[in-house]
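Working notes for the structure below.
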2 protein chains.
Amino acid sequence: MHMTAPEPTHHDCSAIAHHLAWIGDRWTLPTLVSLLGGAMRFNQLRRAVGGISQQMLTRTLRSLERDGMVTRTVHPTVPPQVEYALTALGRSLADQGIALGRWVQAHRAEIDGNRDAFDSGSSR
Amino acid sequence: MHMTAPEPTHHDCSAIAHHLAWIGDRWTLPTLVSLLGGAMRFNQLRRAVGGISQQMLTRTLRSLERDGMVTRTVHPTVPPQVEYALTALGRSLADQGIALGRWVQAHRAEIDGNRDAFDSGSSR
DNA sequence: CGGAATCCTAAGTGATACTG
DNA sequence: CAGTATCACTTAGGATTCCG
């Protein structure tokens, strides 16, 4: 019996698209990926991520901690020191982020070219 | 000759993290992934993506068209018909999106578990 | 039907001040 | 240092209305 499904490659796209909402936020992936470099302290991480406000980093880290993606370790020193590190789960997701980031990196020139062509085409 | 680089696995995380900003938006990936099912018309795509407003779908599609990720074909019928389809570049990125979406799908239960544990732990 | 225009709310940022 | 809190401002996004 022959299947009606024409392409076995795209599975259920809508379901997948729906799951993407989960990480479809501006800072989750950049934060996780930045932590791949090793455990980091708050402001250190803030610089690594780049462009994130202190408030958003706090929120993002709380959320990631809640989901078991990062651990938060407080060293009772003066001044206090807080270290954030990836869990196995977080590292696993960060790896996906790397793959995605590298895709962008590899195709940025092409995309920029398309963009320029589009812009100059629509203005003329 | 041996390299000084200790870990070849995480490359330059900050640079990668920075590139992620490019697609770090709520709708780009879900829209691309939804289009993996084949060319679709506007409202059809709107339903497939799910939860997106008309305005945001319009904006997202314009942006994707500009970047050469999707093509926009207008059929001069009454009422007008507009079809959106992935380019090779768009399909390539959508595949990355699928990988990410499937990761979430595969780990959702674990994440939900972590979340519940965290919540019940912090309230007690 | 596809989408532009308008209005309006919520989310996010920068800056600053304050606490442990 | 690592936050929390607040305010003014800008941006993202939803809802609604209207048009070809």
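Every chain is numbered from 1, with letters handed out A, B, ... down the list of sequences.
For A:His107, the NE2 atom counts as densely surrounded, since its 6.0 Å shell holds more than 12 non-hydrogen atoms of other residues, nucleotides or ligands.
Of the candidates C:dT13, D:dC1, C:dG2, D:dC1 carries the atom nearest the A:Asn43 side chain, counting heavy atoms from C-beta on. Minimum atom distance to the side chain of B:Ser53 is reached by D:dG14, of the listed D:dG14, C:dG12, C:dA5. When distances are taken from the side chain of B:Gln54 to each of C:dG2, D:dT16, D:dG3, the shortest belongs to D:dT16.
Put simply, the residue from B:Leu29, B:Val70, B:Thr31 that forms a side chain to side chain contact (heavy atoms under 4.5 Å, CB included) with B:Thr60 is B:Thr31.
In this entry the distance linking CE of A:Met56 with C1' of C:dA15 reads 17 Å, nearest Å. At whole-Å resolution of the value, CG in A:Leu61 and P in D:dT4 are 11 Å apart. Per the geometry, CZ belonging to B:Arg72 stands 12 Å off C1' belonging to C:dA4, to the nearest Å. Rounded to a whole Å, the CE atom of A:Met40 is 15 Å from the C1' atom of D:dC1. At whole-Å resolution of the value, CD in B:Gln55 and C1' in C:dG2 are 14 Å apart. Taking atom NE2 of A:His75 as the reference point, atom C1' of D:dC1 lies 13 Å away to the nearest angstrom. Rounded to whole Å, atom C1' of D:dA2 lies 13 Å from atom CZ of A:Arg47. Rounded to an integer number of Å, the gap from CG of A:Leu57 to P of C:dG12 is 13 Å.
Pairing each heavy atom of A:Leu89 with each of B:Trp103, the nearest pair is O-CZ2, 3.6 Å.
Of the possible polar contacts, none joining the A:Asp67 side chain to the A:Met69 backbone as a donor-acceptor pair under 3.5 Å is found. Side chain of B:Thr28 to backbone of B:Asp25: no donor-acceptor contact under 3.5 angstrom is found.
Note on B:Arg62: only backbone sugar-phosphate atoms sit closer than 4.0 angstrom, heavy atoms only; bases stay farther off. Among the heavy atoms of the strands, none lies under 4.0 Å from A:Arg26.
Map A:Pro79 and A:Arg46 each onto its nearest nucleotide of DNA chain C; the residue landing nearer the 5' end is A:Arg46. Residue-to-nucleotide proximity on DNA chain D shows that, of A:Glu83 and B:Asp25, the 5′-proximal contact is made by A:Glu83. Along DNA chain C, the nucleotide closest to B:Tyr84 and the one closest to A:Pro80 are compared, and the more 5′ of them pairs with B:Tyr84.
Taking only side-chain nitrogens and oxygens, A:Trp27 comes nearer than 4.0 Å to OP1 or OP2 of C:dT13. The side chain of A:Arg41 contributes an N or O atom lying less than 4.0 Å from OP1 or OP2 of D:dA2.
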